[in-house]
Amino acid sequence: MRKKPWFYLFMFALSLLLALYTRLTMAVTAEDFYLFPDAPFWTFLQALLIVWLLDRLHARALRRGQASGQARYFFGLLWRGALLFVGLTQLLTAVLEFTHIGHDNYAGWYPVVRNLSSDIFLYLLVGSVYLPFLYQQHAAQVRVEVERLEKEATQARLQALQQHVDPHFLFNNLNILAALIEPANTAAHDYVTHLASLYRYLVRTRQHDAVPVAEEMAFLRDYQFLLQRRFGAAYVFEEDVQISADELQQLLIPPGVGQELLTNALKHNLGSRARPLRVRLTLTATSLQISHARQPRPVPATGEGSGLAGLRARLALLHDTPVRIDDTPEHFSVTLPLVRRALVPA
């Protein structure tokens, strides 16, 4: 637990007040009042255990992507911590009792109920005091993370814009090139048509945060066409679309992320006519997955990981579900969460 010194002082002061309150309620007169010197210390240790349990539960939820700023999440955190704390304290009490160190904590039903009640009361008191601190800490982390993601997404968009050529210059030259191609040369005409469609999509969507998945898939088919004309049978692209065409229009994805993943697959994996690299696109109602076998190049490509970091940042601004990367020695896949278009009220 990395806390500031004032936090520990506050918890110790709370433990001291709780010990004083307990003795005051038990003493009828001033002569009956007596405070055991170690009482605040043991209460302080129990308070630190409560804080540690809540921190561990919250950290576990963060790793699993289950943490949120809603009250329901923190109430759930509170009762899960209560089960652990009461279970641990009762287990420790039982161990002390069986080793004859305890003092008749299980001599009857009343000592058991008294111990359980005191543990629950202490937990609820400390937990209720600590949860606002935990909420403030979580909110600050979320703000920092959002600022980082916005910065990375802006840098990714800026990098993409820096790679673009003036659109009018390129379109004019593509039109000139198409006019110079002989009408019988259908292969050349098809290549120019797909190239123009690809670049038109990049120019049209470069200021957009998200586009319909149907448009991104059409763009990916243009890109795959160009790659296959360049590399031939060395790379094979397969599609598994498990939703209807109408639903493709209702799902959103950042533009160009599919191209980044296809480029990454070709950059870091070697395909050949004898051993082609099969890249599979699987599209469901919730995700787009691009997967392939690992066929690493003899000389590893540089810059691995930077593109995936920018991709994560762009997706995080649209969806709470993180990008899932499955990386094994034999297989590699990236699963992108899809956002459903908000319904416009009639």
Would you indicate whether the side-chain heavy atoms of R324 and V334 approach each other to under 4.5 Å?
no

Looking at side-chain heavy atoms only, is the closest gap between V86 and I120 below 4.5 Å?
yes

Please assess L53 against L88 for the test side-chain contact (heavy atoms from CB on, under 4.5 Å), listing each intermediate value before the final yes or no.
CA-CA 11 Å; L53 287 173; L88 287 174; 4.2 Å; yes

State plainly whether one hydrophobic cluster holds both V126 and F121, where clusters connect Ile, Leu, Val, Met, Phe, Trp and Tyr through side-chain heavy atoms under 4.5 angstrom apart.
yes

List the steps and the verdict of side-chain contact (heavy atoms from CB on, under 4.5 Å) for L78 and Y123.
CA-CA 9 Å; L78 190 65; Y123 176 83; 3.8 Å; yes

In the single-linkage hydrophobic clustering (I, L, V, M, F, W, Y; side-chain heavy atoms under 4.5 Å), do L261 and I325 co-cluster?
yes

Within the side chain of T205, is there an N or O that forms a donor-acceptor pair under 3.5 Å with the backbone of H208?
no

Once you round to the nearest 0.5 Å, how far does CZ of F74 lie from OH of Y130?
10.0 Å

Counting C-beta onward and ignoring hydrogens, is there a side-chain heavy-atom pair between V211 and L252 closer than 4.5 Å?
no

Report yes if the side chains of Q250 and V213 come closer than 4.5 Å at any heavy-atom pair, otherwise no.
no

Would the W79 and F85 ring centres measure less than 6.0 Å apart?
no

I'd like a table of donor-acceptor pairs (distance under 3.5 Å, sequence neighbours excluded) in which one partner is a side-chain atom from residues 225-237, with atom names and distances.
from : atom 1 : to   : atom 2 : distance (Å)
Y235 : OH     : N269 : O      : 3.1
Y235 : OH     : G271 : N      : 3.3
Y235 : OH     : R297 : NH2    : 3.2

State whether the side chain of R341 and the backbone N or O of Q249 hold a donor-acceptor pair below 3.5 Å, judged by distance alone.
yes

Do the side chains of L122 and L18 get nearer than 4.5 Å, heavy atoms only?
yes

Any salt bridge linking R340 with E247? Criterion: basic side-chain nitrogen under 4.0 Å from a carboxylate oxygen.
yes

Do H292 and R278 come close enough that some side-chain heavy atom pair is under 4.5 Å?
no

side-chain contact (heavy atoms from CB on, under 4.5 Å) for V51 and L49? Distances and angles first, verdict last.
CA-CA 5 Å; V51 171; L49 176 61; over 6 Å; no

Criterion side chain to side chain donor-acceptor pair (under 3.5 Å) on H268 and N264, from CA distance to verdict
CA-CA 6 Å; H268 300 289; N264 185 73; 3.2 Å; yes

Rounded to the nearest 0.5 Å, how far does CZ of F7 lie from CZ of F10?
8.0 Å

Ignoring hydrogens and angles, state whether a donor on the side chain of T89 or D119 is under 3.5 Å from an acceptor on the partner side chain.
yes

Can a donor-acceptor pair be found between the side chains of D190 and H194 at a distance below 3.5 Å?
no

Within a radius of less than 6.0 Å around CZ of R60, do more than 12 heavy atoms belonging to other residues, nucleotides or ligands occur?
no

Atom pair CG (L336) and CG (L288), whose distance is rounded to the nearest 0.5 Å
5.5 Å

Ionic contact status for R280 with E239, cut-off 4.0 Å:
no

Of all heavy-atom pairs linking P298 and L270, the shortest is CD-CD2, 4.0 Å

Using the rule that two of Ile, Leu, Val, Met, Phe, Trp, Tyr join whenever any of their side-chain heavy atoms come within less than 4.5 Å, decide whether F133 and L124 are in one cluster.
yes

Under 4.5 Å between side-chain heavy atoms, hopping through other hydrophobics if needed: is there a path connecting W42 to L16?
no

F12 and W6: CA distance, side-chain angles, deciding distance, ring pair (Phe, Tyr, Trp, His ring centres under 6.0 Å) verdict:
CA-CA 10 Å; F12 185 79; W6 65 263; over 10 Å; no

About how many Å separate CG of L20 and OG of S15, when rounded to the nearest 0.5 Å?
11.0 Å

Test item: H58 and L131 side chains (from C-beta on) under 4.5 Å apart, heavy atoms
no

Determine the minimum heavy-atom distance between L77 and L134, stating which atoms define it.
CD2-CD2, 3.5 Å

Please tell me if the side chains of L248 and I243 come closer than 4.5 Å, counting only heavy atoms from C-beta onward.
yes

Given the options E216, Q259, E215, Y201 meets side chain to side chain donor-acceptor pair (under 3.5 Å) only with E216

Might you point out which heavy atoms bring A265 and V279 nearest each other, and give the distance in Å?
CB-CG2, 4.4 Å

Test log, rule side-chain contact (heavy atoms from CB on, under 4.5 Å), inputs L281 and Q289
CA-CA 6 Å; L281 283 75; Q289 183 185 75; over 6 Å; no

Looking only at atom types and distance, does a side-chain atom of S197 sit under 3.5 Å from a main-chain N or O of T193, one as donor and one as acceptor?
no

When every non-hydrogen atom of L315 is compared with those of P337, the smallest separation belongs to CD1-O, 3.5 Å

Once you round to the nearest 0.5 Å, how far does CG of L83 lie from CG of L57?
10.0 Å

Do L62 and W52 belong to the same hydrophobic cluster, where Ile, Leu, Val, Met, Phe, Trp and Tyr are linked whenever their side-chain heavy atoms lie under 4.5 Å apart, directly or via other members?
no

Examine the side chains of Y199 and D222 and answer whether a donor and an acceptor come within less than 3.5 Å of each other.
no

Nearest 0.5 Å please: distance from the CG atom of L283 over to the CG atom of L251.
7.0 Å

